[in-house]
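Scroll down for the structure; my scribbles are underneath it.
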Protein chains: 2
Amino acid sequence: MLSNTEENYLKALLYLTAEDAGKKEAGTNDLATHLGLKPATVNDMLKRLKEKEYVSYKKYGKISLTRSGKDIAMFVMRKHRLWETFLCEVLEFSWDEVHEVAEQLEHIQSDKLTERLDKFLNYPDYDPHGDPIPKSNGKMPPRATTLLSSVAVQQSCTVAAVKDTSPVFLQYLEQLSIGIGTKIKVLEKISFDGSMTLLVEKDKLTVSEKFANSLLVD
Amino acid sequence: MLSNTEENYLKALLYLTAEDAGKKEAGTNDLATHLGLKPATVNDMLKRLKEKEYVSYKKYGKISLTRSGKDIAMFVMRKHRLWETFLCEVLEFSWDEVHEVAEQLEHIQSDKLTERLDKFLNYPDYDPHGDPIPKSNGKMPPRATTLLSSVAVQQSCTVAAVKDTSPVFLQYLEQLSIGIGTKIKVLEKISFDGSMTLLVEKDKLTVSEKFANSLLVD
DNA sequence: TACTAAAGTTAGATCATCCTAACATCCATC
DNA sequence: GATGGATGTTAGGATGATCTAACTTTAGTA
């Protein structure tokens, strides 16, 4: 049985070495920054995780998850995303509030609870942010990869996921009435600063390049 | 913010000093036994809890909860019983399975979650074992106090709560089709050993004195 | 009242998780 | 290829939660 702390290290490693994030390797410092800890602390823990064969690395080398480490991290992520879905859809939390609570709920140890929750939610493929929820067999639904910024002028698309899940961005989306499934048509792209003019439900609005790089669409 | 461990000590003290349990005071050993720890360990923790003013006691004296200690313990109990209700009623756990998982869920820190869960469950007064769920204002619904063993011959009653929540007893009740709300008529009391003959849904059955002392009725 | 068993406390150790400070290694660049 | 800044490691220490072993106090009883 892993401690919450150990699970968090594995989850962080999964995040940092995720292929779709472009970075395949992680170092002690990356982990320390991500977890808000000191490199020395992380180094200690990595020794233990290596001992238990959840991670593998050579001294001074990059760190990667082993098969069993990755399985555990994926399972924690599964629980996290199922709980986020539960909080939003059942308890009517707004999508900028769920993360913190899900960080706690993801560590509850009960396979039965996870499976029953999944069933109760009707086996969702995506969480409220559009992130794919790993299945109990370890498979992942496909993740949207097209950035709003790369959609051509006059083309239409549907919001599939948010790349940035910070409350400030999510609240901004809320304010603009943009959520997962919202249809967007690109009216104009300003080459000067990368900003875009969009048509959202008959409303015309202009968003920054940063914004357009934070939304994933189908 | 209290640790899970500290919350568990306060909860144990609430249990051990509950008035309806007949015992108003608790000692280091009682607590150690209840928590499965050594007296020395408990003693250490009590010092810290006294320092933080959650408990009060004199050296070598009995221990009691302070106002704030009791408030916290009641809130943890509230969460525990709400989660048990959720697990049974929503996720269809059987009542002998919920305790262990609720022991974990009761430590989730989110007032909003607790209130939303309460609302979603439609503000239940009793958990699946018939135990009263403390309200958000700290009030408790009344607890059934009549033992099945004290019901007179030929009298009828309704099962209100179980006094013993061990899986083995709960599974036995399941097997007998007895649950909260089941109507029972006492047909006979055997003075030799305190056993009773009951009429439950047209079935006649005989139960031990121990059994009759473990069911609370209205 | 004096003794002893039960209950409670203290001292000293262990383990997980974190820290700071000092040291070692790697690698990009000159 | 030497070197300095970034990165990684080690040593030593703190804290929370637990233990065992030894000691102290309380309280029931002879």
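As the structure is a prediction and not an experimental result, all values here were calculated from the model. To find a chain, count down the sequence lines: A is the first, B the second, and so on, and within it residues start at 1.
Judged purely by distance below 3.5 Å, without hydrogens or angles, the side chains of Gln104(A) and Trp83(A) never pair a donor atom with an acceptor atom.
Evaluation of the ring pair (Phe, Tyr, Trp, His ring centres under 6.0 Å) test over residues 35-79 of chain B, restricted to residues two or more places apart or in two chains, returns none. Residue pairs meeting the ring pair (Phe, Tyr, Trp, His ring centres under 6.0 Å) criterion with at least one member in residues 104-138 of chain B, sequence neighbours excluded, do not occur.
One can place CD of Glu25(B) at 14 Å from P of dA7(C), the figure rounded to the nearest angstrom. Atom P of nucleotide dG8(D) and atom OH of Tyr57(A) are separated by 11 Å, given to the nearest angstrom. Atom C1' of nucleotide dT10(D) and atom CG of Leu46(A) are separated by 14 Å, given to the nearest angstrom. In this structure, the CG atom of Asn8(B) is 15 Å from the C1' atom of dG16(D), given to the nearest Å. dT18(D) atom C1' lies 12 Å from atom CG of Leu35(B), rounded to whole Å. One atom, CE of Met45(B), and another, P of dC19(D), lie 11 Å apart when rounded to the nearest Å. Leu37(A) has its CG atom 20 Å from the P atom of dA14(D), to the nearest Å. In this structure, CD of Glu6(A) is placed 10 Å from P of dC18(C), rounded to the nearest angstrom.
OP1 and OP2 of dG8(D) both lie 4.0 Å or more from every side-chain N or O belonging to Lys58(A). Applying the 4.0 Å criterion to OP1 and OP2 of dT18(D), one finds that Tyr9(B) has a side-chain N or O inside that range. Listed pair Thr28(A) / dT9(D) meets the phosphate criterion, a side-chain N or O lying under 4.0 Å from OP1 or OP2.
The side chain of Asn29(A) lies closest to dG8(D), out of dG8(D), dT18(D), dC19(C). In the set dT18(D), dC18(C), dT9(D), dC18(C) carries the atom at the smallest distance from any side-chain atom of Asp44(A).
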Show me the side-chain donor-acceptor pairs of residues 27-47 of chain B shorter than 3.5 Å, one per line, residues at least two apart or across chains.
unit_1	atom_1	unit_2	atom_2	d
Asp30(B)	OD2	Gly27(B)	N	2.8
Thr33(B)	OG1	Asn29(B)	O	2.8

Return a table of donor-acceptor pairs under 3.5 angstrom between the side chains of residues 209-218 of chain B and protein atoms on other chains or two or more places apart.
unit_1	atom_1	unit_2	atom_2	d
Asn213(B)	OD1	Ser149(B)	OG	2.6
Asn213(B)	ND2	Glu209(B)	O	3.4
Ser214(B)	OG	Lys210(B)	O	2.8

Letter by letter from the 5' end, nucleotides 20-27 of chain D scores (B base, S sugar-phosphate only, - none; protein heavy atoms under 4.0 Å) BB--BSS-
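The side-chain contact (heavy atoms from CB on, under 4.5 Å) test with Leu173(B) singles out one residue from Asp96(B), Ile180(B), Ile178(B), and that residue is Ile178(B).
The salt bridge (charged side-chain N to carboxylate O under 4.0 Å, His left out) check on Glu97(B) picks up Lys112(A), with sequence neighbours excluded.
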